[in-house]
Amino acid sequence: MDKPKVLHGVLLGAGTAALFLIGAYGSHLVALQSSGLEALWPSNAIVLALLILAGRDRPAVLAIAVGQLAGGILLHLFRDDPALITLTLSVANVVESLLVFALLQRIRLGPGLVDRVGDFFSFVMACATAAMVSSTLGALGLWLGHRVPFWDAWQSWYVSGVLSQLVVTPAIVVIADIVRGRRMRDISIAAGAELVALLGLIAAATIYVFFQRGVPSTFIVAPCVLLATFRLRALGAVAGVAIVAIIAACATAAGHGSIAHLLQRPGDQVLLLQTFIATQLLTALPVAAILAERDLRAEETRAFAEHFRSVVENIGEVIFRIDSHARWTYLNPAWEALTGRPIATSLGRSWLELVEPNARAGLAERTAAVLRGEDQSTRRIVRMEMREGLRWVELFIQGLHDQDGRIAGATGTLRDIDDRKRIEEHVITAKRRAEQRAREATLLASTDELTGIANRRAFMSQLEREIAGAMEFGWPLAVAIFDVDHFKLVNDCYGHAVGDRVLQLIAARAAAVVRGGDMVGRLGGEEFGILMPGAAREEATLVAERLREAMEAAADGDDSLPKVTVSVGISMRESHSDAASLLMDADMALYAAKGEGRNRVRVAA
């Protein structure tokens, strides 16, 4: 057996027993000054706080429980109580503390007890539930041992036990959290001075209320406790309520204060005192929990806003916001680096001022559609007046909505793509000229006999050349494969002659919808391919959708041909792509389109 752990358990149990006896002795001294009835029973509350701090450390929990049992037995031996009462009351105390602790573990209550409103009320319910069991055991023991009326004993045990746990346990837990560093922010030098001042105010108000003989003025205490709660949150609440409980109990026991003067029966005095303390408790601690939750949300919001601001202010792209009249309302620092214009002088001006004149109308139309809510967003490539003159920029704009769902403006990004645009245009122009010469030289040898478009061999050769050029210059490349949905039914129902005419129609429409410089080829049977050099994902998808929509439309005035649809799969060149992998990815995307119901476009992941 690990000797240090055994020694730790023994010390923990002995310390628990000592704290239990100290709490019981203090309560007993206060009770002796009055009727012998105890308004508070802090011993079990102290033990419960130790159990909560121990958490899931089972050896520590066991040591604390044994220490509480030993303390209870010693307490009753000092009082010369009969064995029945000693055993019954000691067991009842242990049962109460362990049962509350078990309920708190069951509902996974947070360690602070008053950090959330739900946690606090769950803590109240756990204490109230567990005290029913311990009160029954304790009242039964007192009735059997001393013939104390069962209901009086039950009521006294229940109210004093629950109230003590609600007052003492959170105070110990909060103080322990401060000592362990969890709440160090609560005890800065300024907060410490404020804590002393506020607790002094609470003590002074409570002493005045309970040691004067004038008009009852217990209402003075609550504002002082709430002030401490608002200023110091949980620490102010639990410390303030604890001070009120201690002073009020001692004063009432000594016969001072409005409670002692208004009521003659000791039992009534204790009940009213307990009600007064419970009122302070159930006012201050829920407020502390609400404030703690609000502080947590505010801290999370502040941290998120700080992170967002840091990202926005250090990103290379311009992030902007415009109002419903298309005027700048926000620009991040990248604006000044890109345009050379101060942000302050740009805000409030139309965002079209720097756009080249012949592009303003089109951009204004697309922006107006977003600001009217007709389009969610738009992306445009235009030339704007930058620090170095007119340069190509990519604009993305998306509508902003207010709380009522109305368009309140728009936000978006602005990115300088001038260098990329010029290189792309130069490379694409040179490539297209080279391709044109190559197509003219190999037209006869590379043409499909039926459709008049490129055959498989020509398509594959061109694909290899495009991949090599794309790898060398870094431009994008897209490949699409499409075929006729249910083409076998066309041949079976209409004959192969009609099927051939359908293939010719498909080839003609495909050639009509692709971009200049794209290549359409017949790969075999009813399967076709489109080679799209320089096409990004969006452009390739747009070409494929145009093809799909063209085929979905009715045959151009030729009712003799059946109406057919096509499924399209697209793949994009990656750094490691070769012809086989591009075609395989496009083919897999094609089969995905067919598997999802045909007549659709899918892009390989």
Side-chain angles (χ1 to χ4, degrees), residues 309-371 375 377-400 409-436 469-478 515-518 532-540 542:
R309 184 189 64 80
S310 175
V311 171
V312 168
E313 291 187 355
N314 290 281
I315 199 169
E317 295 183 1
V318 174
I319 297 177
F320 63 84
R321 188 169 61 245
I322 59 175
D323 61 18
S324 57
H325 300 289
R327 295 174 300 202
W328 302 114
T329 58
Y330 172 79
L331 292 162
N332 71 332
W335 170 261
E336 294 185 355
L338 187 63
T339 65
R341 290 172 170 79
I343 293 175
T345 59
S346 300
L347 296 179
R349 304 178 71 90
S350 171
W351 83 316
L352 297 173
E353 284 186 359
L354 301 184
V355 178
E356 65 174 331
N358 60 2
R360 291 177 184 174
L363 182 58
E365 181 181 352
R366 300 302 301 168
T367 304
V370 173
L371 294 176
D375 294 335
S377 63
T378 186
R379 189 182 300 272
R380 306 287 289 181
I381 295 178
V382 296
R383 291 203 302 173
M384 292 183 68
E385 187 68 36
M386 298 287 105
R387 183 190 296 271
E388 301 172 0
L390 280 175
R391 293 180 66 85
W392 286 103
V393 298
E394 183 180 51
L395 284 166
F396 173 76
I397 179 173
Q398 182 172 349
L400 284 176
T411 185
T413 59
L414 184 154
R415 181 159 56 102
D416 186 342
I417 60 168
D418 191 77
D419 293 338
R420 190 194 77 185
K421 186 75 174 176
R422 294 181 186 278
I423 292 174
E424 286 180 357
E425 290 178 349
H426 174 74
V427 171
I428 290 174
T429 300
K431 178 178 68 66
R432 287 177 178 172
R433 284 197 292 265
E435 288 174 352
Q436 182 63 31
M471 292 180 65
E472 180 179 359
F473 296 102
W475 62 64
L477 174 64
R515 310 169 309 162
D518 291 349
M532 293 173 276
R537 182 189 184 98
E538 294 82 3
E539 294 173 287
L542 181 62

> Leu331 and Trp351: side chain to side chain contact (heavy atoms under 4.5 Å, CB included), yes or no, with the steps?
Replying inline: CA-CA 11 Å; Leu331 292 162; Trp351 83 316; over 6 Å; no
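- Taking the side chain as every heavy atom from C-beta outward, Glu539 and Arg515 approach each other to under 4.5 Å.
- Here the straight-line distance linking atom CD1 of Ile417 with atom CH2 of Trp392 works out to 8.0 Å at 0.5 Å rounding.
- Of all the heavy atoms in Arg391 and Asp418, the pair that sits closest is CA-OD1, 3.3 Å.
- For the atom pair CG (Leu371) and OG1 (Thr378), the distance works out to 11.0 Å, reported to the nearest 0.5 Å.
- Among pairs with a residue in residues 341-352, those fulfilling salt bridge (charged side-chain N to carboxylate O under 4.0 Å, His left out) read Arg349-Glu353, at least two apart in sequence or across chains.
- Between Val382 and Ala359, the shortest heavy-atom distance links the atoms CG1-CB, 4.2 Å.
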>> Could you go through Arg415 and Val393, starting from their C-alpha distance and side-chain angles, then the distance that decides it, and tell me whether this counts as side chain to side chain contact (heavy atoms under 4.5 Å, CB included)?
In response: CA-CA 5 Å; Arg415 181 159 56 102; Val393 298; over 6 Å; no
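- If you take OH on Tyr330 and CG on Leu347, they are separated by 10.0 Å, rounding to the nearest 0.5 Å.
- Closest heavy-atom contact between Pro533 and Asp518: CD-OD1, 3.7 Å.
- Residues that satisfy the ring-ring contact (aromatic ring centres under 6.0 Å, His included) test with Trp475, not counting sequence neighbours, are Phe473.
- Between Pro476 and Ala535, the closest heavy-atom pair is CB-O, 3.5 Å.
- Residues Arg380 and Arg366 meet the side-chain proximity criterion, which asks for heavy atoms closer than 4.5 Å.
- Across Trp328 and Ser350, no two heavy atoms sit closer than the pair NE1-O, 3.8 Å.
- Contact check for Leu395 versus Thr367: no side-chain heavy atoms found under the 4.5 Å cut-off.
- In this structure, the side chains of Arg383 and Val355 stay at 4.5 Å or more apart for every pair of heavy atoms.
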> Between Phe320 and Trp335, does a ring pair (Phe, Tyr, Trp, His ring centres under 6.0 Å) hold up when you go through it step by step?
Replying inline: CA-CA 9 Å; Phe320 63 84; Trp335 170 261; 8.6 Å; no
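- At a threshold of 4.5 Å between non-hydrogen side-chain atoms, the residues Ile322 and Ile397 count as touching.
- Looking at every heavy atom in both residues, Leu390 comes nearest to Glu356 through CD2-CB, 4.1 Å.
- Annotation for Met386: atom CE counts as buried by contact number, over 12 foreign heavy atoms lying within 6.0 Å.
- With hydrogens and angles ignored, the 3.5 Å screen pairs no side-chain donor or acceptor of Asp375 with any backbone N or O of Ala369.
- Of the possible polar contacts, none joining the Glu394 side chain to the Arg379 backbone as a donor-acceptor pair under 3.5 Å is found.
- Judged by distance alone, the side chain of Asp323 and the main-chain N or O of Gly348 form no donor-acceptor pair under 3.5 Å.
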